[in-house]
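Numbers here simply count residues along the sequence, with the first being 1. Atoms within a ligand are numbered from 1 in the order they appear, just like the ligands themselves. These figures come from a predicted structure and were not determined experimentally.
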Amino acid sequence: MKVFKFGGASVTNVERIKNLASLLQEQPADKLLIVISAMGKTTNALEKVAEAFFNGKRDEALQLFEQVKNQHLTTAKYLLVTHYLACEAQLKNFFTEVEWLLYDKPVREFDYYYDQVVCVGELLSTAIISAYLNECKIKNQWVDVRDIFRTDDNFRDASIDWTYTQQKVTEDIVPLYKQTDIIVTQGFIGSTDENESTTLGREGSDYSAAVFAHMLDAESQTIWKDVEGVMNADPKQFPEAQLIGELNYDEVIEMAYYGAQVIHPKTIKPLQNKGIPLFVKCFLDSSLPGTVIHDKALKGLPPIIVLKQQQALVHLHSQDFSFVGEKPVAELYQLFAELRIKPNLMQTGAVTIQFCIDDRAEKIEKLALSASEIFDVQVEKGLTLLTIRHYNESLLEKMSSGKKILLKQQAPETVQVLMAQ
Ligand code: ASP
Ligand code: MG
């Protein structure tokens, strides 16, 4: 049994969905679990719906949602004949779920509403694709992953309840393979024990697929992308980026930790723990070798470059110019934990602590407010964090020249530089 994951770009329009079907037809017969993301930029569009709703702009939210609805109905119409009516009914049920909510007034926190709205992207895409595959005689069973993936209620970054979810996979998913060879389900989403929808963090579908691979003891997982495989830099930012044919789990965890957009940071562990290889392949040309990620120790990797935009630098200064002792540091970490903030880079000095975090205005305000009880606080925004693994000095020089450097950390394998434009 294998797990396949198809991201938004691989199902962004009718042509791509047809391509997915031909790709599956070329595969050797095998039991498959297919995890699919929302179509194209649907998640971004749904984020806008949730924001408009939360800001009290109901008409705008409804209008934005109308666009999402039409786009999916049109796609379904183009693809489906015999399965159209059943699929349309299924889509309309999901539309209604969201619209009910949009007619309410927001009384809970934003992240809750975000998840209730945004989760529909994956439900819509999988409903259409599952129906289309069945119409192409690629017999498959659609599953609502919210019946399988139980999570906590940390909305927008929910954690999976492994024990409960494993039980559901064993009891509900495994027996389904007696009736079908292929299961189609959603990435990125789950549900709490109160049946509230949750999401696992942007780009979370890779992780969903890895959880399934782990729990089903899959022979491998394949992530199908629009690039040749894992590159040593984002080809959109660096046209000279090159393919890395073979990587190991640890390197990918490092890359993801520093913000490489290749694979969701949480994806590797579930695979590594069971030694399940991860293939990253190109859905535009499945004959290309792609990248394999496994357990082997590797030497001679090229420099791996990661740029993280929209960074904020927070300076904390001890109020009475006393040394920054253990107590304020402990309190600061406590704050990070409470606000669920992960510093991307941190440096402590005698009377200062500086750290760089993703610029999420709401979180930074809360952090600055609480930290100001212990420190003088200053925040600088609009920064870029450059990370190079396996760097050399000339590359570092080239990448940071002409930039104002605000913070730098250099270790034998990794250098990180926080820069202003
Ligand atoms: N659709 C979600 C996103 O765009 C999850 C994913 O694609 O992995 O973030
Ligand atoms: Mg995606």
Side-chain angles (χ1 to χ4, degrees), residues 3-13 16-17 20 33-51 64-65 67-69 71-72 75 91 94 98 110-111 113-130 143-146 148-149 151 154-160 184-191 197-213 221-227 230 234 236 252 255-256 259-271 278-283 308-310 358 360:
V3 173
F4 280 5
K5 181 261 174 175
F6 290 94
S10 65
V11 294
T12 191
N13 54 32
R16 291 270 164 104
I17 295 173
L20 187 156
L33 184 122
I34 305 179
V35 169
I36 306 178
S37 300
M39 289 173 63
K41 300 274 175 249
T42 305
T43 303
N44 294 4
L46 291 167
E47 282 183 338
K48 297 255 160 17
V49 174
E51 278 161 23
L64 289 168
F65 189 57
Q67 292 171 16
V68 173
K69 286 166 56 177
Q71 189 213 345
H72 285 87
T75 308
L91 300 183
F94 296 133
V98 174
F110 174 69
D111 290 356
Y113 292 107
Y114 177 103
D115 282 3
Q116 309 320 301
V117 173
V118 163
C119 73
V120 86
E122 269 66 14
L123 294 163
L124 299 174
S125 68
T126 52
I128 297 172
I129 295 161
S130 166
V143 167
D144 186 335
V145 81
R146 295 175 300 174
I148 309 293
F149 276 21
T151 71
N154 183 18
F155 296 105
R156 286 183 78 180
D157 192 17
S159 296
I160 289 182
V184 171
T185 194
Q186 307 79 39
F188 178 54
I189 68 175
S191 151
S197 301
T198 51
T199 64
L200 310 174
R202 287 301 307 262
E203 303 301 321
S205 298
D206 291 353
Y207 175 59
S208 302
V211 173
F212 270 121
Q221 174 177 335
T222 305
I223 297 181
W224 295 93
K225 292 176 83 83
D226 56 358
V227 288
V230 179
D234 181 349
K236 288 179 199 120
V252 176
M255 288 170 72
Q261 294 290 320
V262 273
I263 291 158
H264 192 278
K266 294 190 286 191
T267 306
I268 298 299
K269 265 287 160 222
L271 300 176
L278 172 62
F279 297 97
V280 181
K281 285 180 65 86
C282 182
F283 62 75
K308 246 182 161 216
Q309 315 285 357
Q310 279 188 301
D358 295 345
R360 302 239 319 242

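- Some N or O of Glu122 is nearer than 3.5 Å to an N or O of ligand 1, by distance alone.
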Subject >> Verdict with supporting geometry, Thr199 and Asp115, side-chain hydrogen bond (donor to acceptor under 3.5 Å, both in side chains) >> reply: CA-CA 6 Å; Thr199 64; Asp115 282 3; 2.7 Å; yes

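- Note on ring orientation: taking the six-membered ring where Trp is involved, the planes of Trp224 and Phe4 are perpendicular (angle over 60°, cut-offs 30° and 60°).
- In this structure, Phe149 has its ring center closer than 6.0 angstrom to the ring center of Phe212.
- No option in Lys5, Lys225, Lys266 other than Lys5 meets the side-chain hydrogen bond (donor to acceptor under 3.5 Å, both in side chains) test with Asp206.
- Heavy-atom proximity to Phe188, at under 4.0 Å, picks out these atoms of ligand 1: 2 (C), 5 (C).
- Looking at ligand 1, you won't find any N or O of Asp206 less than 3.5 Å from one of its N or O atoms.
- Atoms of ligand 1 lying under 4.0 Å from any heavy atom of Thr43, numbered from 1 in the order shown and given with element: 1 (N), 2 (C), 3 (C), 4 (O).
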**OP:** In sequence, state the C-alpha distance, the side-chain angles, and the governing distance for Ser37 and Ser205, and then conclude on side-chain hydrogen bond (donor to acceptor under 3.5 Å, both in side chains).
**Re:** CA-CA 6 Å; Ser37 300; Ser205 298; 3.1 Å; yes

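- Atoms of ligand 1 lying under 4.0 Å from at least one heavy atom of Arg202, given by number and element, are 3 (C), 4 (O), 9 (O).
- Using a 4.0 Å cutoff on heavy atoms, Gly187 does not count as a contact of ligand 1.
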